[in-house]
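Everything below concerns the one structure shown next.
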Amino acid sequence: MKKIQISPSILSADFSQLGNEIKRLEKGGADMIHVDVMDGHFVPNLTIGPPVIKSLKKYSSILFDVHLMISPVHKYIEAYANAGADIITIHPEATDNMDLSISKIKELNKKVGVSLNPQTKVDVIIDYLNKIDLVLIMSVNPGFGGQKFMPEVLTKIKELKKLQNDKNLDFDIEIDGGINFENSKKAIEAGANILVSGTTIFKSNNGDIKKNIELLKSK
Ligand code: DX5
Ligand code: ZN
């Protein structure tokens, strides 16, 4: 059974204090930092890019779990790797050649993640499961924090977990979007071992990050 890890999303952080917010997350027990990169094209929102990630890297010693919601993505992979991404997660719809993009991330010695939007079926990535380190299951439509959890994706996680067991593979299953104290246990029981959370971690219990991370893990 894989250890349950928490990857807080800085999308819900105070963007004027991102360095200090990352320090707070690390002190609060975060296992990695979920960095949501949005280009205003693949998703209708715009956040940060390589220069900001590079400057944030010195504020933390834990992994940067970089979620690229950008399209086209292939030609930017190297920039995010050089900026300090440790895990680079891409969306299949954002590349013309998944094999090439996966190989590119591996060539740069980074962990490879592939993300499935709520409407995207597992079949789309079944041929890549033996080549990747992580599958990121979106439980909201990507683009914004604070959205409502879509419980129907739990079926997808169960399907992925069965495939992982049947094929004797070892990729992480990460769930992202609307994770809170009511649904985190169901997500773990379905097979997720990494929980992304922004709003719940930064806003619940008067913003007590340590308490919120512990509560998400313990459910
Ligand atoms: C949405 C992002 C998520 C989001 C999670 O496109 O990929 O990581 O920031 O935030 P919450 O936990 O508030 O849904
Ligand atoms: Zn994300």
Side-chain angles (χ1 to χ4, degrees), residues 4-15 18 21-22 24-25 28 30-49 52-53 56 62-71 73 76 80 85-94 111-120 132-154 156-157 172-188 192-205 207-209 211-213 215-217 219:
I4 302 302
Q5 299 187 78
I6 305 294
S7 185
S9 163
I10 56 171
L11 187 63
S12 306
D14 174 351
F15 265 46
L18 276 180
E21 296 277 74
I22 284 177
R24 280 176 68 210
L25 289 171
D31 295 288
M32 54 188 90
I33 303 288
H34 189 79
V35 182
D36 284 312
V37 175
M38 301 179 183
D39 64 357
H41 171 240
F42 185 71
V43 291
N45 198 356
L46 185 64
T47 57
I48 58 175
V52 177
I53 291 174
L56 291 175
I62 55 180
L63 296 182
F64 273 22
D65 167 32
V66 176
H67 179 191
L68 295 181
M69 287 162 276
I70 67 174
S71 166
V73 65
Y76 297 109
Y80 285 96
D86 299 289
I87 301 168
I88 296 179
T89 297
I90 61 175
H91 283 253
E93 302 89 342
K111 285 193 175 250
V112 185
V114 174
S115 183
L116 292 179
N117 283 340
Q119 303 76 9
T120 309
I132 59 177
D133 302 291
L134 178 144
V135 178
L136 175 61
I137 297 292
M138 295 307 296
S139 33
V140 295
N141 286 310
F144 299 91
Q147 298 181 80
K148 199 168 168 335
F149 179 75
M150 298 166 76
E152 58 270 31
V153 305
L154 294 175
K156 206 186 291 188
I157 292 189
D172 286 317
I173 300 177
E174 186 175 33
I175 186 167
D176 182 8
I179 293 294
N180 58 35
F181 304 133
E182 283 68 47
N183 57 39
S184 56
K185 188 165 189 282
K186 285 191 212 94
I188 295 167
N193 67 291
I194 303 175
L195 306 182
V196 174
S197 169
T199 306
T200 296
I201 287 180
F202 279 100
K203 311 273 188 254
S204 303
N205 295 304
D208 181 339
I209 287 178
K211 181 174 184 174
N212 294 334
I213 287 177
L215 279 171
L216 281 176
K217 270 189 183 174
K219 285 288 167 188

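Just so you know, ligand 1 is whichever comes first in the structure, and atom 1 is the first atom listed for that ligand. Here the structure is a predicted model, which is why all the values come from computation and not from measurement. Quick note: residue numbers are just sequence positions, from 1.
- Atoms CE and OG1, on Met69 and Thr47 in that order, are 6.5 Å from each other to the nearest 0.5 Å.
- Across Val37, Asp176, Asn45, heavy-atom proximity to atom 8 (O) of ligand 1 is greatest for Asp176.
- Listed by number with element, the atoms of ligand 1 under 4.0 angstrom from any heavy atom of Pro142 are 6 (O).
- Numbered from 1 in the order shown, with element, the atoms of ligand 1 that lie under 4.0 Å from a heavy atom of Gly145 read 10 (O), 13 (O).
- Ligand-side atoms of ligand 1 in range of Met69: 6 (O), 7 (O), range being under 4.0 angstrom from any heavy atom.
- For the Zn ion (ligand 2), the nearest N, O or S atom contributed by His67 is named ND1.
- Using modelled atom types and a 3.5 Å distance limit, the side chains of Asn212 and Ser204 yield no donor-acceptor pair.
- Considering backbone and side-chain atoms alike, Val140 places every N or O at 3.5 Å or more from each N or O of ligand 1.
- For ligand 1, one of its N or O atoms has an N or O atom of Gly178 under 3.5 Å away.
- Of the protein's non-hydrogen atoms, Gly198 N, 2.7 Å is the one closest to atom 12 (O) of ligand 1.
- The atoms of ligand 1 that sit less than 4.0 Å from any heavy atom of Val196 are 8 (O).
- Nearest N/O/S atom of Asp176 with respect to the Zn ion (ligand 2) is recorded as OD2.
- Between the side chain of Thr199 and the backbone N or O of Gly145, no donor-acceptor pair lies under 3.5 Å.
- Inclusion of His67 in the set of residues having an N or O under 3.5 Å from an N or O of ligand 1 is warranted.
- The ligand atoms of ligand 1 that sit less than 4.0 angstrom from a heavy atom of Met138 are 7 (O).
- Ile157 contributes atom CD1, which lies 10.0 Å from atom CG of Leu116 (distance to the nearest 0.5 angstrom).
- Side-chain atoms of Asn180 come within 3.5 Å of backbone atoms of Glu182 as a donor-acceptor pair (strictly under, hydrogens ignored).
- Each of the atoms 12 (O) of ligand 1 lies under 4.0 Å from some heavy atom of Ser197.
- Listed here is the closest heavy atom pair of Asp39 and Ile70: OD2-CA, 3.1 Å.
- The environment of Lys111 atom NZ is sparse: at most 12 non-hydrogen atoms of other residues, nucleotides or ligands sit within 6.0 angstrom.
- Among the heteroatoms counted here (N, O or S) of Asp36, OD1 is the one nearest to the Zn ion (ligand 2).
- Considering backbone and side-chain atoms together, Gly143 places an N or O closer than 3.5 Å to an N or O of ligand 1.
- Applying the 6.0 Å contact sphere to CZ of Phe202 captures more than 12 heavy atoms from other residues, nucleotides or ligands.
- Taking any N or O of Thr199, backbone or side chain, at least one lies under 3.5 Å from an N or O belonging to ligand 1.
- Residue Asp36 has at least one nitrogen or oxygen atom sitting less than 3.5 Å from a nitrogen or oxygen atom of ligand 1, judged on distance alone.
- A side chain to side chain contact (heavy atoms under 4.5 Å, CB included) with Leu215 is found for exactly one of Asn205, Thr200, Ile201, namely Asn205.
- Distance alone, capped at 3.5 Å, places no donor-acceptor pair between the Glu174 side chain and the Val196 backbone.
- Of the polar atoms of Gly146, at least one N or O is found under 3.5 Å from an N or O of ligand 1, judged by distance alone.
- Close approach of ligand 1 to Leu11 (heavy-atom distance below 4.0 Å) involves ligand atoms 9 (O).
- Heavy atoms of Ser9 found under 4.0 angstrom from ligand 1 belong exclusively to the side chain.
- A side-chain N or O of His34 and one of Asp36 form a donor-acceptor pair less than 3.5 Å apart.
- Of the protein's heavy atoms, Phe144 O, 3.6 Å lies nearest to atom 1 (C) of ligand 1.
- For the side chain to side chain contact (heavy atoms under 4.5 Å, CB included) with Ile33, the qualifying choice from Leu25, Asp86, Ile53 is Leu25, the only one to do so.
- Checked for salt-bridge contact, Asp14 and Arg24 miss the test: no charged N lies under 4.0 Å from a carboxylate O.
- Ligand-side atoms of ligand 1 in range of His34: 8 (O), range being under 4.0 angstrom from any heavy atom.
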